[in-house]
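Position 1 is the first residue of the sequence; numbering continues from there. Reckoned from all heavy atoms, side chains included, excluding hydrogens, waters and symmetry mates.
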Amino acid sequence: MPDALPETTIPDASGGRRAGRREWIGFSILLLPLLLVSMDVSVLYFAVPFISRELEPSGTQQLWIFDIYGFVLAGLLITMGSLGDRIGRRKLLLMGATAFGAASLLAAYSPSAGALIAARSLLGIGGATLMPSTLALIRNLFHDAKQRATAIGIWSGAMAGGIAIGPVLSGILLEHFWWGSVFLINIPAMVLLLILAPLLLPEFKHPRPGRFDLPSAVLSMGTLLPVIYGIKELARDGYAPVPVLAVVAGLLLGAVFVHRQRRRPDPLIDLTLFRRRAFSGSIAVNVLAMFATVGFAIFLTQYLQSVLGMSPLRAALWALVPSFVVGATAPLAPGLAGRGVDRAVIMCAGFLLAAAGFSALTLVGTDTPLWWLLVASSGYAAGLVLVMALVTEMVIGVAPPERAGSASALLESATELGGALGMAVLGSIGNAVYRRDITDALPPGLSPDALHTVRETLGSAQAAAALLPGRTGDAVLGAARDAFVGGLHAAAIGAAVVCAAAAALALYALRDVPAAPLTTVADPEAGQPRGYTEDSTDGSAYQSAVTRLP
């Protein structure tokens, strides 16, 4: 119901509708689930040793404790986005908050590793309902395009900040409480959301949603889960038949899914959106931005901990510095676009800034001052968040209001895919250079077992060096750190090249493309949508059309 808060709606000069204080307060409530869902991706970083002592998981169980949340979240995004369009986004948000809070309680008091894996999968289900709902509701809270762009910029900064805050908050809690406390912090926020959301957030759903297509939902999960699983396993362990087969199976199911969407009268996703450059170009650009962001993140944290020798908590605190820059930069891009700067030009500048940041990281050595690392990292993070804020604005802007949930889910699915690809490709490049360099630099006389261990990763080299006598151990550790920095340089070059190519793509695909929303115009005779039209950029056409929806 778009007019749920009429007393807070202020007409602007163009006849559109501007959000008032209560809409902005409602928006701040939407940031709660966004922060918690993004934090839960990284909150277990410091808790693993404590969980291992208490629950004694096997190696496989420990991996699934980490990974199951992200897999379930990614697999259900499209399904939940479409479901929110059909049953109501606020309703789905409240259902997700209830599920997320209950799953957090189960996770905190899990008596076994299997129970914790099950609770983490339930958290993934809850997260999949919350993520697209928050972004889709922004579409309903802010009818004015400039206000919506500002809100989306803040939303983008909050999502990136949540991932960075997760390890820090985890480390602080674990210094004073038991490992389950990292999950219990979710519950008060979910309770607050359940109380305030019905008072401050409007409900909105598709006026003529059609039947929910369960086979399409299964196919979407069957596409995303094996593809993302396979890519992550290949990034972690290198080539193996099972991950490759998983990727191939997912792609085949994806082809079946797309074919079914083309034939359905009420598809899970609206494939016609991809015919618009503002949508398809933004999705492609977002994949490349996430490729660079997530693919390089592991090198930064490993450098702080394993090369500079920081504790995990101290490394996480220093890693917050780029996050502060991100939070300040995210609203800047919509502001520039609102002043008439072409969004493609802003995205191009953001990618070039990111490429410069990655290039600066190729000058990092084992004894480089910390400030250089932080400045370079802040540069690439700031550049990429400029891109991601505008991408989100354009995707949500061109989606018709009744499809905002599924459009949000497509964007977030592309985010997961881009991150997984980045981890696989940049991680493989870094590992290949590490193994080449350390093989040439190791001192003679090491046993075959020690050679194999040292060549695996920097972490395994550190463990092996600790068992070797005096100078030999020091030589191995020094060679491993130098080789890791070589791998970091190679990954940074790869990320810089991708960002430079993405800058060109943004100019080519999105130059002079307006972020004008699409809306559905009600057919007065049939009482149902009859087609899409473009809004004016001030949102007035959107308001005139949406007020006629039931």
Original post:
When you look at Tyr229 and Val247, which way does the side chain to side chain contact (heavy atoms under 4.5 Å, CB included) test go after all the steps?
Top reply: CA-CA 8 Å; Tyr229 164 79; Val247 172; over 6 Å; no
Would a distance-only check, ignoring hydrogens and angles, find a side-chain to backbone donor-acceptor pair under 3.5 Å from [X] to [Y]?
{"X": "Trp372", "Y": "Ala360", "result": "yes"}
{"X": "Arg120", "Y": "Ile65", "result": "yes"}
{"X": "Arg481", "Y": "Ser306", "result": "yes"}

Original post:
For Thr392, what residues pass the side chain to side chain donor-acceptor pair (under 3.5 Å) criterion, not counting sequence neighbours?
Top reply: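 Residues passing side chain to side chain donor-acceptor pair (under 3.5 Å) with Thr392: none at all.
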For [X] and [Y], work out which heavy atoms get closest and say how close.
{"X": "Pro226", "Y": "Ala246", "value": "CB-O, 3.2 Å"}
{"X": "Ser282", "Y": "Val395", "value": "CB-CG2, 3.8 Å"}
{"X": "Ala495", "Y": "Ala292", "value": "CB-CB, 4.3 Å"}
{"X": "Ser359", "Y": "Ala496", "value": "OG-CB, 3.9 Å"}
{"X": "Pro57", "Y": "Ile51", "value": "CD-O, 3.9 Å"}
{"X": "Gly124", "Y": "Tyr69", "value": "N-CD1, 3.5 Å"}

Side chain proximity check, [X] to [Y], heavy atoms < 4.5 angstrom:
{"X": "Leu252", "Y": "Val256", "result": "no"}
{"X": "Leu224", "Y": "Ile78", "result": "yes"}
{"X": "Ile154", "Y": "Leu31", "result": "yes"}
{"X": "Met347", "Y": "Val391", "result": "yes"}
{"X": "Ile125", "Y": "Met80", "result": "yes"}
{"X": "Val285", "Y": "Phe351", "result": "yes"}

Quick one: pull up [atom1] in [X] and [atom2] in [Y] and give me the separation to the nearest 0.5 Å.
{"X": "Arg277", "Y": "Leu510", "atom1": "CZ", "atom2": "CG", "value": "7.5 Å"}
{"X": "Leu488", "Y": "Phe296", "atom1": "CG", "atom2": "CZ", "value": "4.0 Å"}
{"X": "Leu304", "Y": "Leu373", "atom1": "CG", "atom2": "CG", "value": "5.5 Å"}
{"X": "Thr79", "Y": "Met221", "atom1": "OG1", "atom2": "CE", "value": "7.0 Å"}
{"X": "Ser377", "Y": "Trp318", "atom1": "OG", "atom2": "CH2", "value": "12.5 Å"}
{"X": "Asn286", "Y": "Leu390", "atom1": "CG", "atom2": "CG", "value": "11.5 Å"}

**OP:** Please step through side chain to side chain contact (heavy atoms under 4.5 Å, CB included) for the pair Tyr434 and Ile429, ending with a clear verdict.
**Re:** CA-CA 9 Å; Tyr434 169 82; Ile429 291 172; over 6 Å; no
Original post:
Aromatic ring centroids of Phe484 and Tyr303 under 6.0 Å?
Top reply: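 No - the distance between ring centres of Phe484 and Tyr303 does not fall below the 6.0 Å cut-off.
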**OP:** Determine, stepwise, if the pair His489 / Phe358 fulfils side chain to side chain contact (heavy atoms under 4.5 Å, CB included).
**Re:** CA-CA 9 Å; His489 292 168; Phe358 284 121; over 6 Å; no
For residues 380-388, which side-chain donor-acceptor pairs fall under 3.5 Å, sequence neighbours excluded?
none

Original post:
Among all residues two or more places apart in sequence or in another chain, which pass the side chain to side chain contact (heavy atoms under 4.5 Å, CB included) test with Tyr508?
Top reply: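 None.
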